[in-house]
Amino acid sequence: MRFELRIGPLDLGQTLGCGQTFRWRLQHDGAWRGPLGDQMVMLRKSRAGVEVEAFPGRRGIGDAVAQHLRAGDDVGAIQRALSKDPVLAPGIRSMRGLRIVKTDEWECLVSFMLATYANIPRISKMIETISARFGERITDETNAFPSIACLRKVPEEELRRCGLGYRARYVHAVCEALDETDLARMKRLGPEELRRELKSLPGVGDKVADCVSLFGFGRLEAFPIDVWMERAFWRLYGQKGSYEKLRRFAADRFGPYAGYAQEYLYFNERRYASAGMCAFSQE
DNA sequence: GCCCAGGAGTGTG
DNA sequence: CACACTCATGGG
């Protein structure tokens, strides 16, 4: 199945390339390929948005892609609103095509639990390994991410052999603490309640809870704070302190689209670290 | 070999 | 509240 989705602005690399989601791969021909639910999808930039190719191309895949890329979001308006922050504005200009994605709640929860104290290539590898061993087959090369019920049957030791390290215990415990109805209920919670409930899970602290709120549950006001964000806050705003303090600063300063501000700061801080350059104006 | 990674949990001052 | 320590391992 092949079709075009009208969407903009959109840069696939900025959106799928690093950190929000971990299973999209850039192919040699410039297309991005990855599993979405139980189907394989290839995305290629087109004039009006993206050209989508899906296998096996079951019904609903169009909606799934649109939902994943949050096609309904007015990203231009969000950028204009956040650009009122003079510190943020220059960085936004280099990230016009970044969209926050909406990922599956369960896959997102596990992914960011695995992300603790690991780098992005390793996170991807852990997720690929547990998908390959325990997920339903989509193609010869790729399996879907395993459901809660699937993963619950896996002994902790076997998860450990997938290279999860100490994270195996948390994943195993969360499988037993949670089921699909819990996730469905959590979708209706307010932001603070959702955050509190996520944090009550073993292996989920402030940062993971905020990542899962933002990407998995689609709460654009969520603002995950990691080491990169601490560096950015100190360098650009002269702010440091506890997670709660920085979180409040972000909420006050960036409002309902704080998640987007976080992504702009995150990408630019990493760029700054690697290139020694800065797209933001100094304080 | 060395360093650090999109942290969390636990204990202590 | 802040800090220190441990956790288990693999990319760069």
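Here is the naming used below: chain letters follow the sequence lines, and residue numbers restart at 1 for every chain. Basis for what follows: all heavy atoms, side chains included, without hydrogens, waters or symmetry-related copies.
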Participant: What's the CD1-C1' distance between A/I120 and B/dG7, to the nearest Å?
Facilitator: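 Taking CD1 of A/I120 and C1' of B/dG7, I get 14 Å after rounding.
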Participant: Rounded to whole Å, how long is the line connecting atom OH of A/Y117 with atom P of C/dG12?
Facilitator: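 Whole-Å distance recorded here is 17 Å.
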Participant: Specify the separation, in whole Å, of atom CZ of A/R161 and atom P of C/dA8.
Facilitator: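 It is 16 Å, rounded to the nearest whole Å.
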Participant: Would you say A/R231 places a side-chain N or O within less than 4.0 Å of OP1 or OP2 belonging to B/dA5?
Facilitator: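 Checking A/R231 against B/dA5: at least one side-chain N or O falls below 4.0 Å of OP1 or OP2.
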Participant: Where the side chain of A/S242 is defined as all heavy atoms beyond and including C-beta, which of C/dA2, B/dG7, C/dT9 is the nearest nucleotide?
Facilitator: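 Ranking C/dA2, B/dG7, C/dT9 by closest atom to the A/S242 side chain puts C/dA2 first.
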Participant: Using distance alone, with no hydrogens and no angle criterion, decide if A/S46 and A/E4 have a side-chain donor and acceptor under 3.5 Å apart.
Facilitator: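 Per modelled atom types, A/S46 and A/E4 side chains form a pair under 3.5 Å.
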Participant: Measure distances between side-chain N and O atoms of A/Y166 and base N and O atoms of B/dG7, and say whether any donor-acceptor pair falls under 3.5 Å.
Facilitator: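 Such a pair exists between side chain and base.
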Participant: Considering only the P atoms, how many Å lie between B/dG11 and C/dA8, rounded to the nearest integer?
Facilitator: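 After rounding to an integer number of Å, I get 16 Å for this pair.
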Participant: Determine the interplanar angle of the A/F254 and A/Y237 rings, folded into 0 to 90°, and report it as parallel if under 30°, tilted if 30 to 60°, perpendicular if over 60°.
Facilitator: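 Correct class here is perpendicular.
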Participant: Reckon A/F112 touches a base, only the sugar-phosphate, or nothing at all at heavy-atom distances under 4.0 Å?
Facilitator: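 A/F112: no heavy atom of the nucleic acid under 4.0 Å.
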Participant: Looking only at the side chain of A/R167 (C-beta and beyond, no hydrogens), which of the listed nucleotides B/dG7, C/dA8, C/dG11 gets closest?
Facilitator: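 So the nucleotide nearest the side chain must be C/dA8.
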Participant: Given that A/A209 and A/A118 both sit by DNA chain B, which one's nearest nucleotide is further toward the 5' end?
Facilitator: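 Looking at DNA chain B, the more 5' nearest nucleotide goes with A/A118.
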Participant: Take atom CE of A/M126 and atom C1' of C/dT9, then tell me their distance rounded to the nearest Å.
Facilitator: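 Nearest whole value for this atom pair: 9 Å.
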Participant: Could you check whether A/L214 gets within reach of a base, just the sugar-phosphate, or nothing at all, counting any heavy atom under 4.0 Å?
Facilitator: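 Nothing, no heavy atom under 4.0 Å.
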Participant: Across the strands shown, which category fits A/R169 at heavy-atom distances under 4.0 angstrom: base, sugar-phosphate, nothing?
Facilitator: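 No contact at all - A/R169 keeps every heavy atom at 4.0 Å or more from the nucleic acid.
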Participant: Separation of A/R122 atom CZ from C/dC7 atom C1', in whole Å?
Facilitator: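 Spelled out: CZ on A/R122 to C1' on C/dC7 is 11 Å.
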Participant: Taking the six-membered ring of A/W32 (Phe, Tyr or Trp), confirm whether the NZ or CZ of A/R44 is under 6.0 Å from its centre and within 45° of its axis.
Facilitator: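 Here A/R44 fails the 6.0 Å and 45° test against A/W32.
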Participant: Taking the minimum atom-to-atom distance to the side chain of A/Y170, which one of C/dA8, B/dG9, B/dG7 wins?
Facilitator: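 Side chain of A/Y170 sits closest to B/dG9.
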Participant: Quick check: on DNA chain B, is the nucleotide nearest A/P202 upstream (toward 5') of the one nearest A/I123, or the reverse? Name the residue that is more 5'.
Facilitator: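 Mapping each residue to its closest nucleotide by heavy atoms, the 5'-most match is A/I123.
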Participant: Expressed as a whole number of angstroms, how long is the span from A/K199:NZ to B/dA8:P?
Facilitator: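 After rounding, the gap between these two atoms is 9 Å.
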Participant: Expressed as a whole number of angstroms, how long is the span from A/R248:CZ to C/dC1:P?
Facilitator: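 To the nearest whole Å, that distance equals 11 Å.
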Participant: For A/T116 and A/Y166, does a side-chain donor sit closer than 3.5 Å to a side-chain acceptor?
Facilitator: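 A pair is found: one side chain offers a donor N or O, the other an acceptor, under 3.5 Å apart.
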Participant: Is A/K207 near enough to B/dA8 that one of its side-chain N or O atoms lies under 4.0 angstrom from OP1 or OP2?
Facilitator: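 So the side-chain polar atoms of A/K207 never come under 4.0 Å of the phosphate oxygens OP1 or OP2 of B/dA8.
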Participant: State the CZ-CG distance between A/F112 and A/D226, to the nearest 0.5 angstrom.
Facilitator: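 Those atoms lie 10.0 Å apart.
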Participant: A/T116 side chain: which of B/dA8, B/dA5, C/dG12 is closest?
Facilitator: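 The nucleotide sitting nearest to the side chain is B/dA8.
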Participant: On the six-membered ring of A/Y272, is A/R235 placed so that its NZ or CZ lies under 6.0 angstrom from the centre and within 45° of the ring axis?
Facilitator: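 Here A/R235 passes the 6.0 Å and 45° test against A/Y272.
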Participant: In whole angstrom, give the distance that lies between atom CH2 of A/W228 and atom C1' of B/dA5.
Facilitator: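 Between C1' of B/dA5 and CH2 of A/W228: 9 Å.
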Participant: Would you mind classifying the nucleic acid contact of A/G203 as base, sugar-phosphate or nothing, using non-hydrogen atoms under 4.0 angstrom?
Facilitator: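 Sugar-phosphate contact only - A/G203 comes under 4.0 Å of backbone atoms but never of a base.
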